[in-house]
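Proteins come first, then strands; the chains are lettered A, B, ... in the order of their sequence lines, and each starts at number 1. None of these values were measured; they are calculated from a predicted model.
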2 protein chains.
Amino acid sequence: MTMDMGQAATLLRSVGLRPTRQRQALARLMLARGPRHFSAEQLHDDARIAGVDVSLATIYNTLHQFNDAGLLRELVIESGRSYFDTNTSEHHHFYDEDTGSLSDIPAEAMVLNAFPDAPEGREICRVDVVVRVRSRSRPGKTTKD
Amino acid sequence: MTMDMGQAATLLRSVGLRPTRQRQALARLMLARGPRHFSAEQLHDDARIAGVDVSLATIYNTLHQFNDAGLLRELVIESGRSYFDTNTSEHHHFYDEDTGSLSDIPAEAMVLNAFPDAPEGREICRVDVVVRVRSRSRPGKTTKD
DNA sequence: GTGTTTGCAAAGTGTTTGCAATTTA
DNA sequence: TAAATTGCAAACACTTTGCAAACAC
């Protein structure tokens, strides 16, 4: 799974974003290879490791633009940090509370029924399911602190 | 639904917390009346309005202690702000993206089946479902920004 | 050229921490 | 009195903002 600069530019134009050097590079880093789940900080590190020089402000701008354009999906897992997912199709997540790592739950592995009606005058725009897991032999906090 | 200082003290002692003036007052504010969902800031305001003088640091300490003691449940809905729920029984939430308000979905209104296995060596400690809703005639952001 | 995007550094938001003073048991 | 708790203010982590320089078309 790869993406050259031309493909990245085409993708960006197709969602109405100018294919700048930074956006093309970030699109390739995010969409054409792992990881599928990352924070702004992680993407910034990935970019620097890949030799792509992008400011943190631009990382944030780009993440929000991609999210709004439907290229990414923002995940809210912990307060105080945002995660983004390059998989925008319907699915859910495991969150490992010990390691902080995220993994996918395929849509078909988690079926919701007895689905509630939205409140008066509202429509459902998204359903997020987070299954929080931890190791059986949990280090640290047990019952008391 | 009310709770006097004596009852608050008993409750606190039953979960291993010293019944200080602040904790008793906050227990009464949180557990004996609405709202059921609130942020630290909201609780701080509620306390001040009720004439209870408590520092924000103590609000945070208390919220975490109550959460660890099982008196509250922390909800992660938006990055950058924590919410707490006085309803600790199993249930899920509607989150109104326009107003930021939370409402409960009773456990029986939302049945999950085809439940996935936890990853190797992990156990499921909690399942959070957030159904995000918004008004049908959405003000502001449409397709583009 | 003209409007968009970038990068910097500063500002902002919500939360946590260190520690002396106070309170509880 | 000994240990736990509080409140303050400073520190924190992450994110956003203002604006001049750089860039895309």
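Interatomic distance, OG of Ser39(A) versus CG of Asp45(A), reported as 8.0 Å (0.5 Å rounding). In this structure, CG in Asn87(B) is found 7.5 Å from CZ in Arg73(B), a value given to the nearest 0.5 Å.
For His64(B), no side-chain nitrogen or oxygen approaches OP1 or OP2 of dT15(C) to under 4.0 Å. Using a 4.0 Å cut-off, no side-chain N or O of Gln22(A) falls inside it from OP1 or OP2 of dC23(D). One finds no side-chain N or O of Arg21(B) lying less than 4.0 angstrom from the OP1 or OP2 phosphate oxygen of dT24(C).
Between Tyr60(B) atom OH and dG18(C) atom P the separation is 17 Å, expressed in whole Å. When rounded to the nearest whole Å, the span between CZ of Arg13(B) and P of dA4(D) equals 16 Å. The separation between Ile77(B) atom CD1 and dG14(C) atom P is 16 Å, rounded to whole Å. Note: CG (Leu56(A)) to C1' (dA13(D)) measures 11 Å, nearest angstrom. In this structure, CZ of Phe38(A) is placed 16 Å from C1' of dC14(D), rounded to the nearest angstrom. The interatomic distance linking Gln65(B) (CD) with dA4(D) (P) rounds to 13 Å, in whole Å.
Contacts of Ser39(B) with the nucleic acid, taken as non-hydrogen atoms under 4.0 Å apart, are absent. Using a 4.0 Å heavy-atom cutoff across all strands shown, His44(B) reaches no nucleic acid atom at all.
Looking at Glu97(B), its side chain never comes within 3.5 Å of a backbone N or O of Val133(B) through a donor-acceptor pair.
Distance from the side chain of Ser55(B) is smallest to dG7(D) among dT15(C), dT6(C), dG7(D). Closest to the side chain of Arg18(A), from the set dT16(D), dA24(D), dT15(C), is dA24(D).
The partner of dT5(D) is dA21(C), by the rule that a Watson-Crick or G-U pair needs both atom distances under 3.5 Å. Of the nucleotides present, dT2(C) is the one that pairs with dA24(D) by Watson-Crick or G-U wobble criteria, both distances under 3.5 Å.
Between Asp85(B) and His91(B), the side chains place a donor N or O and an acceptor N or O closer than 3.5 Å (distance only, hydrogens not considered).
Around the CD atom of Glu74(B), the shell of radius 6.0 Å holds more than 12 heavy atoms that belong to other residues, nucleotides or ligands.
When each of Arg81(B) and Asp53(A) is assigned the nucleotide of DNA chain C bearing its nearest heavy atom, the one mapping closer to the 5' terminus is Asp53(A). In this structure, Thr20(B) and Thr62(A) both approach DNA chain C, and ranking their closest nucleotides by distance from the 5' end singles out Thr62(A). Nearer to the 5' terminus of DNA chain D, by closest-nucleotide assignment, is the contact made by Asn61(B) (compared with the other of Tyr83(A) and Asn61(B)). Along DNA chain D, the nucleotide closest to Arg23(B) and the one closest to Ser79(B) are compared, and the more 5′ of them pairs with Arg23(B).
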